[in-house]
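Remarks on the structure that follows.
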Amino acid sequence: ITFASFLGSCCSCCFIMAESDAKVAAGEGETFPHFATQAIHAGQDPDQWRCQAMIPLISLSTTFKQNSPAVLSGGYEYTRGGNPTRKVYEDCLAACENAKFGLSFSSGLASCMSIVQMLSTGDHIVCCDDVYGGTNRYLNKVVARMGITTTMVDCSNAENVRSAIKPNTKLVWIESPTNPLLKLCDIAAISAIAHEASKEIIVVTDNTFMSSYFQHPLDLGSDMVMHSITKYMNGHGDVLGGAVCTNRKDLYDRLYFVQYAVGAVQAPFDCYLANRGLKTLALRMKQHQSNAFAVAKYLEAHPRVERTVYPGLPSHPQHELACRQAKGFGGMVVFFIKGGLEQSETFLKSVKVFTLAESLGGFESLAELPARMTHASITQEERTKLGISDTLIRLSVGLEEEADILADLEQALEKAVPASML
């Protein structure tokens, strides 16, 4: 036997499994008591590959052989509808969210779009007003043209959700913490209110800021949880992706149909990278939080800072909810610099460890000005109402050495806010 023929026979059969073998390989029903172990092992069983590879294989094939018409002995037909690499990743995602089902998408907004595609003309959405700028833009400038209306409310008060629900409300969309003001939504209370109003209302929680490590919205009553995988879940700034997890088979079936019909699926190689990112999520989030705590405490006491917002600080108005709802506070910190736009811009031009860039959740520290960057598509009137001013700076605190992060903030603040303004 030649090496070439051996290699060909090995690789060609690595992805071929009988249906019963696939169920065993996916580890259906098998769970581990701690998050880090789940993230490393869920869906990763080497026995699912005939070559028993320890690292999940990358299947780039767009189509799969059928032994006879519509008989899928390998379990796959066309990669838009399913892919071995994506299946491994989705199983791991579901386990990380304490969910039965997981679906991966080409971006966070593709996840949002696919969920909304489950609705019909004439339906109504309730969404938190302080929300990722892309979500706001999509709901109010794209979905609105399809005859689906959205009411934006301050969901940090659950009663505002109750007041906004209409007879045709079919979806409640929340973020907790919110982007960028880091307000919290009581997921359990909002879910109870929505389900009491109508069993047809789907509650979706965007868990991007907290990641699956710190918060499990499904355990609190949310019907679906979504992520921009681009952020903490992948954590390395090299994958664009989204995900949705749920425990409800009916919602999974509806969303899978949309995914297959619309085609906003994640590419196999990106699934491989994101699946690898999940393996270090627990370690990364612990360090993100440790550094963010240090940054928040430092900024809160700084004379060049007007106000600091971080759910882990006792000064946060919803600190008690943060302690009750999640097992941590995340790596995002917001502060209001003294002065105006000039001071904000000078600070952002002066940072050296931090990088002025959009996005968040990677290993590197990032800083941005939401009013001019991530939330620029929101009108000035709306930003003013929400409190997204030109002095609000959002920090995604990375994994660098704490002392270097604090030193960078100090030198940038000194350059931005002169002593005469103190």
Side-chain angles (χ1 to χ4, degrees), residues 35 128-131 154-161 174-190 205-217 219-220 231-232 282 284-338 344 347 354 360-361 365-368 370 386-389 391-403 405-410 412-413 417 422:
F35 182 91
C128 54
D129 54 4
D130 181 35
V131 67
D154 181 1
C155 291
S156 63
N157 182 346
E159 290 303 314
N160 291 337
V161 176
I174 57 178
E175 289 180 357
S176 190
T178 61
N179 182 2
L181 294 171
L182 302 185
K183 294 190 289 186
L184 302 184
C185 301
D186 189 330
I187 299 171
I190 291 173
T205 302
D206 184 338
N207 204 26
T208 298
F209 269 29
M210 290 300 279
S211 87
S212 302
Y213 180 71
F214 281 133
Q215 184 169 266
H216 288 123
D219 294 348
L220 298 169
K231 314 307 194 293
Y232 285 112
R284 288 187 285 106
M285 294 311 297
K286 290 175 184 178
Q287 191 60 40
H288 279 301
Q289 176 170 266
S290 176
N291 284 346
F293 249 126
V295 166
K297 291 175 182 177
Y298 165 82
L299 291 173
E300 188 173 45
H302 205 288
R304 289 176 166 83
V305 173
E306 290 284 0
R307 182 163 63 94
T308 302
V309 183
Y310 180 65
L313 292 175
S315 59
H316 192 288
Q318 296 170 291
H319 177 66
E320 183 276 331
L321 175 60
C323 295
R324 171 165 46 90
Q325 183 166 265
K327 70 173 187 178
F329 309 107
M332 301 299 297
V333 179
V334 166
F335 74 97
F336 294 80
I337 195 170
K338 282 190 175 179
S344 295
F347 171 85
F354 283 84
L360 58 104
S365 291
L366 302 178
E368 68 116 356
L386 291 170
I388 303 175
S389 69
T391 62
L392 185 158
I393 294 172
R394 191 187 77 178
L395 301 178
S396 173
V397 184
L399 306 179
E400 300 92 345
E401 192 70 29
E402 176 187 308
I405 293 174
L406 297 182
D408 189 39
L409 293 173
E410 179 63 29
L413 284 168
V417 184
L422 302 181

Sorted by chain and number, sequence neighbours left out, ring pair (Phe, Tyr, Trp, His ring centres under 6.0 Å) with F35 holds for Y213
In terms of heavy-atom contacts, S176 and L184 come closest through OG-CA, 3.6 Å
Any donor-acceptor N/O pair, Y310 side chain to G330 backbone, under 3.5 Å = yes
Residues P180 and R394: closest non-hydrogen pair is CB-CD, 4.2 Å
Heavy-atom pair of closest approach, residues H319 and L313 = ND1-O, 3.3 Å
Atom CZ in R284, atom CD in Q287: separation rounded to 0.5 Å?
-> 12.0 Å
CA sep, side-chain torsions, deciding dist, call: H316, F329, side-chain contact (heavy atoms from CB on, under 4.5 Å) | CA-CA 11 Å; H316 192 288; F329 309 107; over 6 Å; no
Spatial distance of atom CD1 (I187) from atom NE2 (H216) [nearest 0.5 Å] = 11.0 Å
For T178, the side-chain hydrogen bond (donor to acceptor under 3.5 Å, both in side chains) test, sequence neighbours excluded, returns D130
Residue pairs fulfilling salt bridge (Lys or Arg N to Asp or Glu O under 4.0 Å) with at least one residue in residues 293-314, sequence neighbours excluded | none
Kindly write out the residues that satisfy side-chain contact (heavy atoms from CB on, under 4.5 Å) with D154, not counting sequence neighbours, or none if the list is empty.
-> D129, S156, N160, K183
Would you call L181 and L392 a side-chain contact if the rule is heavy atoms closer than 4.5 Å?
-> yes
With C128, which residues qualify under side-chain contact (heavy atoms from CB on, under 4.5 Å), at least two apart?
-> V131, C155, E175
Please tell me if the side chains of N179 and D206 come closer than 4.5 Å, counting only heavy atoms from C-beta onward.
-> no
Carefully, step by step, assess T205 and L220 under the rule side-chain contact (heavy atoms from CB on, under 4.5 Å).
-> CA-CA 10 Å; T205 302; L220 298 169; over 6 Å; no
All pairs passing salt bridge (Lys or Arg N to Asp or Glu O under 4.0 Å) where residues 318-334 contributes a residue, at least two apart | D186-R324, E320-R324
Those residues at least two apart in sequence (or on a different chain) that pass ring pair (Phe, Tyr, Trp, His ring centres under 6.0 Å) with H302 are Y298
Which residues pass the side-chain hydrogen bond (donor to acceptor under 3.5 Å, both in side chains) test with K338, sequence neighbours left out?
-> none
Say you draw a straight line from OG1 of T308 to CG of L395; how long is it, rounded to the nearest 0.5 Å?
-> 9.0 Å
Scanning both residues in full, the closest heavy-atom pair of L360 with L366 reads N-CD1, 4.1 Å
CZ-CE distance between F214 and M285, expressed to the nearest 0.5 angstrom = 5.0 Å
side-chain contact (heavy atoms from CB on, under 4.5 Å) with S344: which residues, sequence neighbours excluded?
-> I337, L369, T391, I393
F293 vs V397, side-chain contact (heavy atoms from CB on, under 4.5 Å): CA-CA, chis, key distance, verdict | CA-CA 9 Å; F293 249 126; V397 184; over 6 Å; no
Minimal non-hydrogen separation, S365 against E400, with atom names = OG-OE1, 2.7 Å
With sequence neighbours left out, what residues match N207 under side-chain hydrogen bond (donor to acceptor under 3.5 Å, both in side chains)?
-> E97, Q215
Those residues that, when tested against F209, pass ring pair (Phe, Tyr, Trp, His ring centres under 6.0 Å) (two or more places apart) | none
Between atom NE2 of H288 and atom OG of S396, what is the distance when rounded to the nearest 0.5 Å?
-> 6.5 Å
Results of ring pair (Phe, Tyr, Trp, His ring centres under 6.0 Å) for F335 - residues two or more places apart only = F347
For C185 and I174 the tightest heavy-atom approach is SG-CB, 4.2 Å
Atom CG of L406 and atom CD of E401: how far apart are they, to the nearest 0.5 Å?
-> 10.0 Å
